[in-house]
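Here is the structure we will look at.
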Amino acid sequence: MGIFNKYDVIVVGAGHAGCEAAAAAANLGSSVLLITMDMNKIAQMSCNPAMGGIAKGQIVREIDAIGGYSGIVSDKSTIQFRMLNRSKGPAMWSPRTQNDRMLFSQYWREQLENTPKIDFWQDMVKGLIIEDNKVCGVETGMGQKIKCKSVVLTNGTFLNGIIHIGQKQFGGGRIGEKAAEGLTEQLISIGLESGRMKTGTPPRVDGRTLDYTKMEAQEGDTKPEKFSYLPNIKPIDKQRCCWITYTNQNVHDILKTGFEDSPMYAGRIQGLGPRYCPSIEDKINRFAERDRHQIFVEPEGWNTVEIYVNGFSTSLPDEIQFKAMRQIPGFEKAKMFRPGYAIEYDYFPPTQLELTLETKAIENLYFAGQINGTTGYEEAACQGLMAGINAHLKIEEKGPFILKRSEAYIGVLIDDLVNKGTDEPYRMFTSRAEYRLMLRQDNADIRLTELSNKIGLASNERLQHVEKKIKDTEDVITYFQKTSITPNEANPILTALETSEIPQNYKLIQLLSRPQITIYDLVNGISDLKDFSINYSEETLLQAEIQMKYEGYLEKEKLLVEKMERLEDYKISDNFDFRTVNSISLEAREKLQKQRPRTLGQASRISGISPSDVSILMVHLGR
């Protein structure tokens, strides 16, 4: 008998995607083996020690609503919380935490070790065992052949990874860690296409050597919130400060002296880098008219002096990085712990996947995270969650768990990847979601917890919590719709808020529709509402306020969803030959035949497919 039993699911890689995949499959009932090259690097925050941010914060809350762990781990390891975009409408509000890097990894490992059906193995996976186009195991660097029913690959930046610092280059998946070799070549040999991408990271410096008096303090929110909807997870009560400083012309001039040694400009890196998280040399080149760029000075944890220099990502020679950095205000005496570097790695264009993240070429093989061309912890984590769920459901011969674009940012992300593909690192933005008013950070539980509970992942406790939130929200809305307020009660409040007085009785909901007025202005100012703050949670009152204030916009968005989802009802059979539809363009025929969309809605979102192509297809499908 060998060391290993046969597993239901093997997850390769223990980054953010791998951790969520392993936890989801195990919590649903699958036996899981999580294979990682270093047990001490589980859920390593390879780049900045932060979670969430614009659109990414919505994803973390969605992961939590479904029953994943990223939100809980983030909350437990938070050193600062900020709700971004508060000055804009609620569709744009995005939670973000600054985290303790070591605690984040520690809490994730504890979550996994406390999940009964997860086993661990420290090794490199060098190949897959495939029979009849179906994955049935993995082979490791130590020669172990481990059988399973399903594999989730979450290799991050390790597939043939090359690290670049100036003219120096060496193999690695992260600094100080070896790259993974063999898998790419095998996947190409069985017909999958691969490409190269790059990402970068900034230097880390000694916080004891910085002069914070020359920087702007960036404190956390005075009333911090949290990611997780679970009531037993509490917001932090103390926070660490971050700071902002700026580059200047001196910094730029010194950096420019290293451009000819930059691996990007010298053509040694072929992979495309992230457009929305550019290196400092990229920013100087692309935004030549700017004489300064923001630098965010972020602590790496509660009890460390290590500082992350956010905004100074670079792969220039280390001595030039150091010389330029010392020209930044507050960094004049900075000591470097390690230089910034770029990393180039293999990925597989995600148009080769089903919406479940299963590969079309190999049955029961799933891809999640940077292997699919995404960048960012949150994007990786949500893919891992969905791949782990679907790997389990497929084994159990149950229907897939697929989220629509109108249900979640996770649905937008996977739909974009599978239908449009990406040739540069994909990052989520609110602008990518056409239904973003419905996909807010405050209502992810209302949108997703019941769906997850039905497949057995989100707990009954979570469902009861969200059911109470829905009922309480409806009660508040009903009260505001039915209850009137007199001018005597209302006008002092309205005058104080510099909005026009009312001449007669008004319904509370009419007053709340004014942009100057919040629900708390009314709750705190009207005697009959004084018990609202006791009887209803802040979460409920916020939910009720948003639904009342934006009722008209939400209705319009729902009608748009209904219209677009009619296209999803038009199913396309597996054997439909798109090449026979001569009335559509050759490009459209080729793309449709290659990607084989399952519905007309999916076909409509493939890059290069026009509305007229969709109309013609509708006729051919007998509609």
Side-chain angles (χ1 to χ4, degrees), residues 12-13 15-17 37-38 41 44-48 124-126 153-188 192-204 255 258-286 312-318 320-321 338-350 352 367-377 379-380 383 417 421-427:
V12 180
H16 299 258
M37 290 199 281
D38 188 347
K41 298 281 173 65
Q44 172 87 337
M45 295 182 118
S46 315
C47 202
N48 71 326
M124 183 177 86
V125 169
K126 69 175 186 183
L153 290 185
T154 69
N155 303 77
T157 58
F158 281 77
L159 290 177
N160 293 324
I162 296 175
I163 289 169
H164 297 263
I165 304 173
Q167 293 190 353
K168 303 169 197 165
Q169 63 180 66
F170 42 92
R174 276 190 295 247
I175 201 99
E177 297 175 68
K178 65 181 180 181
E181 295 168 351
L183 262 177
T184 297
E185 293 71 19
Q186 183 190 11
L187 292 168
I188 291 170
L192 284 158
E193 290 175 33
S194 78
R196 295 287 274 175
M197 281 190 178
K198 84 152 191 83
T199 189
T201 195
R204 311 299 199 269
L255 290 170
F259 277 15
E260 63 188 39
D261 292 324
S262 163
M264 281 173 31
Y265 288 90
R268 288 192 300 279
I269 293 185
Q270 299 304 316
L272 276 170
R275 179 189 300 261
Y276 303 105
C277 187
S279 64
I280 188 68
E281 52 263 44
D282 243 1
K283 285 191 271 195
I284 292 169
N285 198 42
R286 278 165 48 189
F312 204 76
S313 177
T314 179
S315 58
L316 290 172
D318 42 10
I320 288 176
Q321 293 185 33
R338 73 163 196 243
Y341 62 89
I343 181 161
E344 191 182 11
Y345 55 93
D346 292 334
Y347 85 106
F348 289 82
Q352 301 171 97
F367 288 175
Q370 281 167 300
I371 192 171
N372 289 337
T374 59
T375 179
Y377 307 146
E379 289 88 345
Q383 289 173 73
L417 292 176
T422 185
D423 57 5
E424 61 182 41
Y426 178 103
R427 179 180 179 179

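Any value given below was found using the heavy atoms of this structure, including those in side chains, with hydrogens, waters and symmetry copies removed.
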- Looking at CD of Q167 and CD of E260, how far apart are the two atoms once the value is rounded to the nearest 0.5 Å? 8.0 Å
- Task: For the pair L183 and F158, evaluate side chain to side chain contact (heavy atoms under 4.5 Å, CB included) and give the outcome as yes or no after the intermediate values.
- Result: CA-CA 10 Å; L183 262 177; F158 281 77; over 6 Å; no
- Message: For G421 versus P350, what's the shortest heavy-atom pair and its separation?
- Response: CA-CG, 4.2 Å
- Message: Between T375 and R427, is there a side-chain heavy-atom distance shorter than 4.5 Å?
- Response: yes
- Looking at side-chain heavy atoms only, is the closest gap between E281 and I320 below 4.5 Å? no
- Task: With sequence neighbours left out, write down each residue that passes side-chain hydrogen bond (donor to acceptor under 3.5 Å, both in side chains) with D346, or none if nothing qualifies.
- Result: N160, T184, R196
- Task: Let me see the working for L153 and L159 under side chain to side chain contact (heavy atoms under 4.5 Å, CB included), right down to the final yes or no.
- Result: CA-CA 11 Å; L153 290 185; L159 290 177; over 6 Å; no
- Between T422 and G373 the two heavy atoms that sit nearest each other are CG2-O, 3.7 Å
- Query: Which atom pair, heavy atoms only, marks the closest approach of A380 to A17?
  - Reply: O-CB, 3.2 Å
- Note on the structure: Heavy-atom nearest pair, Q370 first then T199, reads NE2-CG2, 4.4 Å
- Could you tell me whether a side-chain N or O of T154 sits under 3.5 Å from a main-chain N or O of A368, the two making a donor and an acceptor? no
- For E193, what residues pass the salt bridge (Lys or Arg N to Asp or Glu O under 4.0 Å) criterion, not counting sequence neighbours? K594
- Query: Side-chain contact, heavy-atom cut-off 4.5 Å: L187 with F367?
  - Reply: yes
- In Å, rounded to the nearest 0.5 Å, how long is the span from OG of S313 to CG of L316? 10.0 Å
- Message: Given 3.5 Å as the limit, does a donor-acceptor pair link the side chain of T374 with the main chain of G369, or not?
- Response: yes
- Message: Counting only heavy atoms from other residues, nucleotides and ligands, does the tally under 6.0 Å from NZ of K178 exceed 12?
- Response: no
- Item | Minimum heavy-atom distance D423-M197, with the two atoms named | C-CE, 3.8 Å
- Find out whether Y426 and N372 are in side-chain contact, i.e. whether some heavy atom of one side chain is under 4.5 Å from a heavy atom of the other. no
- Message: Applying side chain to side chain contact (heavy atoms under 4.5 Å, CB included) to Y377 and N48, what does each step give before you reach the verdict?
- Response: CA-CA 10 Å; Y377 307 146; N48 71 326; 4.2 Å; yes
- Kindly indicate whether the side chain of F348, heavy atoms from C-beta on, has any atom under 4.5 Å from the side chain of S194. yes
- Message: Can you confirm whether Q321 sits close enough to I165 that some side-chain heavy atom of one is under 4.5 Å from a side-chain heavy atom of the other?
- Response: yes
- Item | Full working for side chain to side chain contact (heavy atoms under 4.5 Å, CB included) between Y345 and I371 | CA-CA 9 Å; Y345 55 93; I371 192 171; over 6 Å; no
- Looking at residues at least two apart in the chain, or sitting in another chain, which of them share a side-chain hydrogen bond (donor to acceptor under 3.5 Å, both in side chains) with E379? K56
- Side-chain contact, heavy-atom cut-off 4.5 Å: D38 with Q44? no
- Note on the structure: Interatomic distance, NZ@K283 vs CG@N285, rounded to 0.5 Å, equals 13.0 Å
- Do R204 side-chain atoms and P202 backbone N/O form a donor-acceptor pair below 3.5 Å? yes
- Tightest non-hydrogen contact, residues P349 and G195, listed as CD-N, 4.3 Å
